[in-house]
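Computed from a prediction, not measured in an experiment: that's the story for all the values here. The chain is numbered in sequence order, starting from 1.
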Amino acid sequence: MYEFYQLLTIAGVFVYWLVIAGISIRVVAKRRSIGVSLAWLMIIYIVPLGGAFAYLLFGELNLGKKRALRAELMFKPYGEWFKKLYEYRQYRPHVASLYGQSISAICEKQVGIPALADNHLTLCSETYEILDQLIADINQAKCTILLEFYIWHPGGRADDVANALIQSANRGVQIRLLLDAAGSRHFFKSHWPKQMKASGIQVISALEVSPFRMFFRRLDLRLHRKIVVIDNVIGYTGSMNLVDPKYFNQDAGVGHWIDVMVRITGPSVPVLNSIHAWDWEVETNQRFLPEPPTCLAHDDSEITDLVQVIPSGPGMREEVIHRVLLQSIYQAQKSIVITTPYFVPSDNLHMALVIAAQRNVQVDIIIPDKNDSIMVEWASRAFFSELLEAGVNIHRFKGGLLHTKSVVIDSNHCLIGTVNWDMRSLWLNFEVTLAVDNLEFTETLQQVQQGYLADADQICPIQWEKRSLANRTGERLFYLFSPLL
């Protein structure tokens with residue numbers, strides 16, 4: 001019997017070694033960034049069986065066989081739709097700035113979507129004004145209303161939006177609502193889905209979360225886009241979820257969420273519509289590709305907002321938004337202003353910011369003073385010392401959880417949308433960003449950023465270096481896991 005248990009022990013050790021070795025080889029073979037690979041290897045060896053199991057669940061970009069196959073088959077028809085945009089007069093690469101041309105070149109090669117002129121953009125920075133304007137546009141809708149959000153949280157003005165949608169559906173407007181299953185779990189537990197469906201609204205829960213599904217796709221892939229398209233002529237996107245700040249996340253101790261949305265009309269609206277159509281088809285296998293933009297005559301001397309719509313996420317071309325951010329930093333000559341709630345940059349983005357500051361570009365990063373994610377808060381701090389030493393200005397916003405995701409380059413070009421400066425947004429989530437090549441709009445966004453700066457405290461490099469050993473230890477600990485946050 002003793003020999004039997006001895007053989008059983010040896011067999012167990014061998015199987016354990018085989019599993020760990022196999023998972024380790026798989027981690028290395030994926031050829032991701034060294035930081036990501038090392039973080040996973042550390043988890044696998046520190047928590048042997050648990051780490052290996054966690055890697056199988058969350059370590060690879062597994063969209064699921066059905067969704068991945070569906071997305072692959074969608075590239076051709078959607079690619080043909082995007083190709084038609086190059087034939088329109090609104091495709092005018094010769095009027096773009098050098099910055100705009102380089103960003104568009106990346107996007108055209110990565111996702112096949114060109115930048116289009118003749119848009120009109122309005123920046124909305126007050127939550128209740130955004131909701132009021134959205135309700136007004138919903139009430140004027142004639143044919144279709146398409147909505148896509150990460151979070152819909154019932155209560156307050158969010159319920160007024162729901163009632164406006166039901167009223168529109170009752171008068172014959174076709175409405176399709178796509179919400180992330182995890183982010184909008186409170187909505188799906190409320191009475192609203194049943195009430196909306198009773199009025200003819202199509203309500204779909206994207207990326208369902210359940211123990212059964214974890215064996216078929218990665219559970220933490222999230223639909224993080226915020227898109228509204230009304231009649232294919234009015235669009236919204238930005239950082240704001242469909243929530244009333246007075247009713248949302250009040251127990252987190254971070255204050256009201258501070259957001260912006262962009263209201264857009266013009267040829268880029270059907271492009272936003274096509275992104276919603278993509279997400280809807282991946283989830284439901286129903287195709288609703290929109291009508292192409294209306295081609296309007298214009299005077300070459302009067303150019304309105306030139307907009308590059310940039311979708312990113314699983315099933316699409318990799319790293320497009322990461323490359324756009326890097327190119328934006330590389331091209332900056334005078335200034336870079338970044339607002340983000342979660343700042344855990346890749347090694348490449350971190351180094352690009354350091355180099356930008358060292359070549360005398362003024363770099364300002366505005367983050368919340370209090371964050372709703374403790375792990376991200378501590379991991380974020382681990383990047384501060386090197387940034388501060390290089391001359392980067394880091395500001396901690398006091399007026400709530402600053403949720404705006406924006407980048408202004410040299411005061412005349414900007415990026416605005418749903419992307420945070422963390423690995424999750426850059427590689428895992430479904431996101432959308434607008435690259436805007438228009439001075440007037442960028443100046444408006446810069447004014448909003450200056451308002452954030454006025455309500456923020458700048459970190460003093462000297463005081464920062466005096467922080468306690470416990471804080472330094474916590475920062476380094478969470479830094480090790482930053483590639484996975």
Side-chain angles (χ1 to χ4, degrees), residues 93 95-108 110 114-117 119 121 123 125 237-239 260 262 264 268 303-310 312 319-341 343 345-346 348-367 383 387 390-395 402 404-422 425-426 431-453 456:
V95 305
S97 65
L98 292 177
Y99 168 84
Q101 290 176 17
S102 65
I103 298 302
S104 293
I106 293 173
C107 295
E108 288 180 17
Q110 286 293 105
L116 299 175
N119 298 285
L121 273 62
L123 183 65
S125 58
T237 191
S239 66
V260 298
V262 181
I264 179 172
S268 291
I303 305 301
T304 54
D305 301 1
L306 188 68
V307 175
Q308 175 72 62
V309 179
I310 312 170
S312 58
E319 284 207 21
V320 59
I321 191 60
H322 189 236
R323 295 178 185 182
V324 167
L325 286 169
L326 284 171
Q327 181 65 15
S328 300
I329 297 170
Y330 294 153
Q331 292 190 146
Q333 299 297 317
K334 299 178 181 178
S335 64
I336 302 170
V337 183
I338 299 165
T339 67
T340 179
F343 182 76
S346 67
N348 289 336
L349 285 172
H350 181 224
M351 187 54 61
L353 291 172
V354 168
I355 293 173
Q358 290 175 341
R359 58 186 174 86
N360 295 322
V361 175
Q362 180 175 329
V363 182
D364 291 280
I365 301 173
I366 315 170
I367 57 176
F383 294 90
L387 292 169
V392 174
N393 303 313
I394 302 176
H395 311 263
L402 180 61
T404 301
K405 305 98 164 40
S406 67
V407 181
V408 172
I409 305 294
D410 293 339
S411 300
N412 53 21
H413 311 99
C414 66
L415 299 167
I416 187 168
T418 70
V419 175
N420 299 310
W421 280 61
D422 62 9
S425 275
L426 296 175
E431 308 277 5
V432 64
T433 298
L434 303 181
V436 182
D437 191 3
N438 178 270
L439 179 60
E440 183 179 354
F441 179 84
T442 303
E443 287 178 341
T444 302
L445 177 57
Q446 188 175 33
Q447 291 173 6
V448 173
Q449 290 181 331
Q450 291 301 314
Y452 298 153
L453 285 170

Across all chains, not counting sequence neighbours, the ring-ring contact (aromatic ring centres under 6.0 Å, His included) partners of His350 are Phe383
### Query
Is the shortest heavy-atom distance from the side chain of Ile310 to the side chain of Leu434 under 4.5 Å?
no
Applying side chain to side chain contact (heavy atoms under 4.5 Å, CB included) to Gln331 and not counting sequence neighbours gives Tyr99, Ser102, Gln327
Interatomic distance, OG1@Thr442 vs CG@Leu121, rounded to 0.5 Å, equals 9.5 Å
TODO: Go through the steps for Asn119 and Leu306 under the test side chain to side chain contact (heavy atoms under 4.5 Å, CB included), then give the verdict.
DONE: CA-CA 7 Å; Asn119 298 285; Leu306 188 68; over 6 Å; no
The side chain to side chain contact (heavy atoms under 4.5 Å, CB included) partners of Asn412 (sequence neighbours excluded) come to Asp410, Leu439
Residues Ser239 and Thr404: closest non-hydrogen pair is OG-CA, 3.7 Å
side-chain contact (heavy atoms from CB on, under 4.5 Å) with Val337: of Val407, Ile366, Ile365, only one passes, and it is Ile366
Heavy-atom nearest pair, Thr418 first then Gly238, reads CG2-O, 3.1 Å
### Message
Quiz question: by atom type and distance under 3.5 Å, do the side chains of Ser312 and Glu431 form a donor-acceptor pair?
### Response
no
Closest non-hydrogen contact found for Ala435 with Ile103 is CB-CG2, 4.0 Å
Of all heavy-atom pairs linking Ala352 and Leu326, the shortest is CB-CD2, 4.0 Å
Side chain to side chain contact (heavy atoms under 4.5 Å, CB included) filter on Ser125, not counting sequence neighbours, yields Val260, Val448
Rounded to the nearest 0.5 angstrom, the CG-OG1 distance for Leu415 and Thr433 is 6.5 Å
Q. Is there a donor-acceptor pair under 3.5 Å between the side chain of Thr237 and the backbone N or O of Gly417?
A. no
Could you check whether any side-chain heavy atom of Asn348 comes within less than 4.5 Å of a side-chain heavy atom of His322, counting everything from C-beta outward? yes
Review point. Is any side-chain heavy atom of Cys414 closer than 4.5 Å to a side-chain heavy atom of Ser406?
Key: no
Task: Short side-chain to backbone donor-acceptor contact, Ser346 and Leu349, under 3.5 Å - done: yes
Minimal heavy-atom distance between Ile409 and Ser328, with the atoms involved, is CD1-O, 3.8 Å
Sorted by chain and number, sequence neighbours left out, side chain to side chain contact (heavy atoms under 4.5 Å, CB included) with Ser104 holds for Glu108, Ala115, Gln308
Taking the side chain as C-beta and beyond, is there a heavy-atom pair between Val307 and Leu116 under 4.5 Å?
no
When every non-hydrogen atom of Arg359 is compared with those of Ile329, the smallest separation belongs to NH2-O, 2.8 Å
I'd like to check Val436 versus Val262 (side-chain heavy atoms, cut-off strictly below 4.5 Å). Are they in contact?
no
Could you check whether any side-chain N or O of Asp437 sits under 3.5 Å from a backbone N or O of Ser97, counting only pairs where one atom can act as donor and the other as acceptor? yes
Answer yes or no: is there a side-chain heavy-atom contact under 4.5 Å between Ile367 and Trp421?
-> no
The ring-ring contact (aromatic ring centres under 6.0 Å, His included) partners of Tyr452 (sequence neighbours excluded) come to Phe397
- Message: When you measure from the side chain of Gln101 to the backbone of Ala96, do you find a donor-acceptor pair of N or O atoms at a distance under 3.5 Å?
- Response: yes
Value for CD (Gln449) from CG (Leu402), rounded to nearest 0.5 Å, stands at 9.5 Å
